[in-house]
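Each chain gets a letter, A, B and so on, in the order its sequence line appears, and its residues count up from 1. Side chains included, hydrogens not; waters and symmetry mates left out as well; all remaining heavy atoms used.
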Amino acid sequence: MEEKQEKMALLDVQKLRVSFDMYERGLQKKELEVLHELSLRVYPGEILAVAGASGSGKSILAHAVMGILPGNARTEGEIRYRGELLDRKRQESIRGKEIAFIPQSVEYLDPLMRVDRQVMGIRGAKEKQETAFARYHLGKEVERMYPFQLSGGMARRVLISTAVMEEARLIVADEPTPGLNAEMAMETLQNFRELADEGCGVLLITHDIDLAFQAADRIAVFYAGTIVEIASVADFLAGKEALRHPYSKAFIDALPQNDFKPIEGFQPYAGNLPKGCLFAPRCPMRSGECEKEIAMRKIRDGEVRCVHAT
Amino acid sequence: MQLEAKKISFRYQKNSPWILKDVDLTVQAGERVALLGPSGYGKSTLAKILAGYENPVKGEVFWDGAPLPKKGFCPVQMIGQHPEKAVNPRWKMARIVNEGWQADEQTLRELGIEKAWMNRWPSELSGGELQRFCIARALGPKTKFLICDEISTMLDVITQAQIWQKVLAAAQKGGLGLLVVTHNKALAARVCERIIELPKLNRPS
């Protein structure tokens, strides 16, 4: 927050923490922190991909932005939208209008409602729905269908149609491509590209790093519930020397099209995290300093959470 | 020795369209073959049929010239896409991993399975950790052929590389045949010697 940005961020998440209250045994309550001091910004006109392992908390980030976390979740930190605090009241008033959500599962569609009605929602107009369907190559016959009659790819396009019904400025897409074949996935990403080029900001959550390479402007690497590095796609494509965090570098080495070489060890549990740097137990550069709190810092036009990064 | 599928056809109901139609496929022991194809083209169905989890409507599967055994340990083992669906939620991990054979120390160590995990319930482990158990469980000495159906799709690329290094080492050591179902072409090229596109084998009506 110290630096002045040339452009105001559309979405500005600062030091977000999310924890869940869980009952361990009987009435023993335990607080489990699943997102740890996470910061990121999405600017207008860009696609920021959030990539990382399943179970690392990516969907929780999306749900926190939308304000749809379950009741036992607690959040700390700040989420700002266009410079103003995005609290529950504001979330409720602008989500579905200025902020659109494309959920992970096609099961978010209402199984008992024809898709044209669901896409129109409570405010939408018929013409807009028709325009959206035409844009995503959904034929006239699809309008009267129920979700079970749609193929996986059609259902995805219906979900995307709902997101463009209102003039959304920010689109939060949670794993929008699984189940689509390569062409369809590319087409979906192309749709996001168009929306971004029209000035939207897109937060694209995916575990498919290859897709992120093809679609995004910047990639945020998620590890164990926090972001360890944010860098331009060009840096990722240039290879590990251009990256900053040892985990991102290991990521590049492990790709089947590169060395396919893994590092040892596992991502730690939310309930059993190491002190300081979450990656330290697996890190070749580990030292005493790594046990301190590590803050995100800027290096070479990217951001990294590592004391050793250069 | 070889795994041989002869004229495999499959559909869910009479009159419903064929998912698989007259699929022929032969993989030698020691060979590593990738099966590629778009989603919904029957890759997983074929994998299940080859491993004996599903019966074809027509056609037969042979291992070493004989039909797959209906009882006892099947020499063709399959590892699936969803490890949480492939374990008994009411068994602890030690019982799960030793169901088919007594998994030895070395296998467990090489797969990175920690001793403490053996006493846990499946719900207390992540997908990547559970998948290691599913692999250890399938690597018994009586296993001759391994079918891997998208076993690393849900994992991050580092865990993916970890798991594949172990599977490839085990396949090499035991002379296992390998059929790898995946949508990732780079992975297929990295892991396998031969690549088959299912739409070319399959002639559904």
Side-chain angles (χ1 to χ4, degrees), chain A residues 24 51-58 104 151-154 156 175 177-185 206-213 221-225 228 236 246-272 279 282-283, chain B residues 34 36-44 81-84 109-114 116-117 120 123-133 150-169 180 182-192 195 197-199:
Chain A
E24 265 199 318
S54 61
S56 60
K58 302 187 304 291
Q104 178 165 20
S151 76
M154 283 154 82
R156 290 280 173 205
E175 298 276 12
T177 55
L180 300 182
N181 62 31
E183 292 81 55
M184 195 76 83
T206 177
H207 76 287
D208 189 334
I209 191 76
D210 293 311
L211 280 176
F213 285 169
V221 179
F222 226 88
Y223 185 76
V228 293
F236 281 85
Y247 179 68
S248 328
K249 291 175 194 262
F251 216 80
I252 297 291
D253 277 342
L255 286 171
Q257 57 268 42
N258 296 341
D259 293 347
F260 205 39
K261 201 182 85 203
I263 51 165
E264 295 287 312
F266 320 101
Q267 179 170 277
Y269 283 114
N272 188 19
F279 184 66
R282 303 171 73 181
C283 184
Chain B
L36 295 178
S39 62
Y41 271 57
K43 299 190 296 292
S44 293
Q81 184 174 359
H82 304 289
E84 65 283 2
R109 194 176 55 241
E110 283 178 359
L111 279 165
I113 293 174
E114 290 183 18
W117 297 355
R120 293 209 187 141
S123 63
E124 295 170 332
L125 293 172
S126 74
E129 288 156 357
L130 278 180
Q131 192 66 302
R132 292 163 203 263
F133 281 93
E150 298 274 22
I151 62 169
S152 57
T153 313
M154 69 304 201
L155 305 173
D156 64 290
V157 293
I158 292 173
T159 314
Q160 164 170 281
Q162 275 180 345
I163 275 184
W164 274 109
Q165 301 299 354
K166 309 295 181 202
V167 170
L168 290 176
V180 179
T182 178
H183 69 278
N184 186 334
K185 289 196 173 132
L187 180 67
R190 174 61 78 162
V191 172
C192 296
I195 291 177
E197 308 252 359
L198 184 57

For B/K166, is the NZ atom crowded, meaning more than 12 foreign heavy atoms sit under 6.0 Å from it? yes

Closest non-hydrogen atoms of A/G265 and B/Q162, given as atom of the first, atom of the second and distance, are O-NE2, 2.8 Å

Bottom line for B/E124: the part with an atom under 4.5 Å from chain A's heavy atoms is backbone

Here the pair of heavy atoms bringing B/I158 nearest to A/F251 is CD1-N, 3.8 Å

Of all heavy-atom pairs linking A/F260 and B/L187, the shortest is CZ-CD1, 3.6 Å

Here the gap from B/N184 atom CG to A/L255 atom CG, rounded to the nearest 0.5 Å, amounts to 9.0 Å

When the 4.5 angstrom heavy-atom criterion is applied to A/I209 and chain B, the contacting part is side chain

So, the part of A/D259 with a heavy atom under 4.5 Å from chain B: the answer is backbone

Interatomic distance, CD@A/Q257 vs NZ@B/K185, rounded to 0.5 Å, equals 13.0 Å

So OG1 of B/T159 and CD1 of A/I263: to nearest 0.5 Å the spacing works out to 8.5 Å

dist B/D156:CG -> A/F222:CZ (nearest 0.5 Å) comes out at 13.0 Å

